[in-house]
Structure formats: structure tokens, C-alpha cells
Amino acid sequence: MGTSKFDSFLKGKTSEDLIEVLHKTQDLFGYIPEEVIDRISDKLNVPVSKIYGVCTFYSRFSLVPKGKFEISVCMGTACYVKGGDKVLEEFEKQLGIGVGETSHDGLFSIVETRCVGDCANAPVVTVNDKVYKKVSPKDVENIIYELSQEEE
Ligand code: FES
């Protein structure tokens, strides 16, 4: 969507529409770019600080572009009980980034998800369209390696 199209989407929107506008922005750009925050602030007459506050409060919104590989660790009950949190920690440790962040090379980002409907195979990790089942922290290194190889 070009600048003018986005601006016309913003037309008539007020501060009450902030969440809707941010959803649309996230869908369009894959994240909430800084320059778009300025435009939203201008058009909706909402302070930039408030928009940042909303973006950081809701995990659905990201202030940085997603990595090429979005590592999505299920934190639903079944996965959590089977050690999904340990798997998540291992990804964070090995990649040096936290949930909602993207690695410097732009390759990896980490997100948490709710139940993805495959509890029998907990803990489950999905990376883009690929599903990894019964993942243990020991598998993390291999998964990252495998993904890096795909990149080359
Ligand atoms: S809790 Fe993870 S797939 Fe259901």
C-alpha cells in the first residue's frame, strides 16, 4: 500500500480507532515502522509516546521487522508442561534475542504463541510454515543450523 493509500485509510479515523489502525499497519508492513507511527500520531492526534505504549503492551504488535524465519514457540498449557519454556529459553540463549526481537542479521525472530492445536506432540515449535514436534532444548541448535543452511 502506498503512502497515499495508507493516508486515505487514516482519513476520518480518530484516537478511538488507534487499535484498529495499528492492526492494519501490522498486517500491511509486518511491523509498526517508526515513520508510520509519526503519521498515525499526526492524523489521529495521539501522542507518539502513547502509540509506543500500546505497541509494547500488546504482543501482537512488533516495532521491528520480523526475521526471515519466525520461530514461534507454543506456550499453551500442554507445551508449557512438557518444557516449552525451556525450549524458548534455549532459542533466546542461542540467538541472543528475546521474545518479540529480531536478530541483527534479520534472519531470526522469536514469538510466543498459544496452543496451535497439536498438543499430542508437545512441545511444538513452528517456523514459518514448518512444524517441529516434541522439541527438546537439545534440538534447538540443530533447528537453528538447519534454518541457517536453508538461507545459504
Ligand atoms: S499447547 Fe502447544 S500445541 Fe497445544
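Values below: all heavy atoms of this structure, side chains included; hydrogens, waters and symmetry mates excluded. Counting convention: from 1, in listed order, for ligands and their atoms alike. Numbers for residues simply follow the sequence, beginning at 1.
Screening the protein for N, O or S atoms under 2.8 Å from atom 4 (Fe) of ligand 1 yields 2; no waters enter the count.
For the atom pair T102 OG1 and F108 CZ, the distance stands at 11.5 Å (nearest 0.5 Å). Note: L18 CG to T25 OG1 = 9.0 Å, rounded to the nearest 0.5 Å.
The closest side-chain donor-acceptor pair between Y58 and Q26, if any, does not fall under 3.5 angstrom.
Each of I71, V99, V73 was scored for a side-chain contact (heavy atoms from CB on, under 4.5 Å) with E92, with one residue passing: V99.
Linking Ile, Leu, Val, Met, Phe, Trp and Tyr whenever their side-chain heavy atoms come within less than 4.5 Å leaves F91 and Y145 in two separate clusters.
Ion pairing between D27 and R60 holds under the 4.0 Å rule for side-chain N and carboxylate O.
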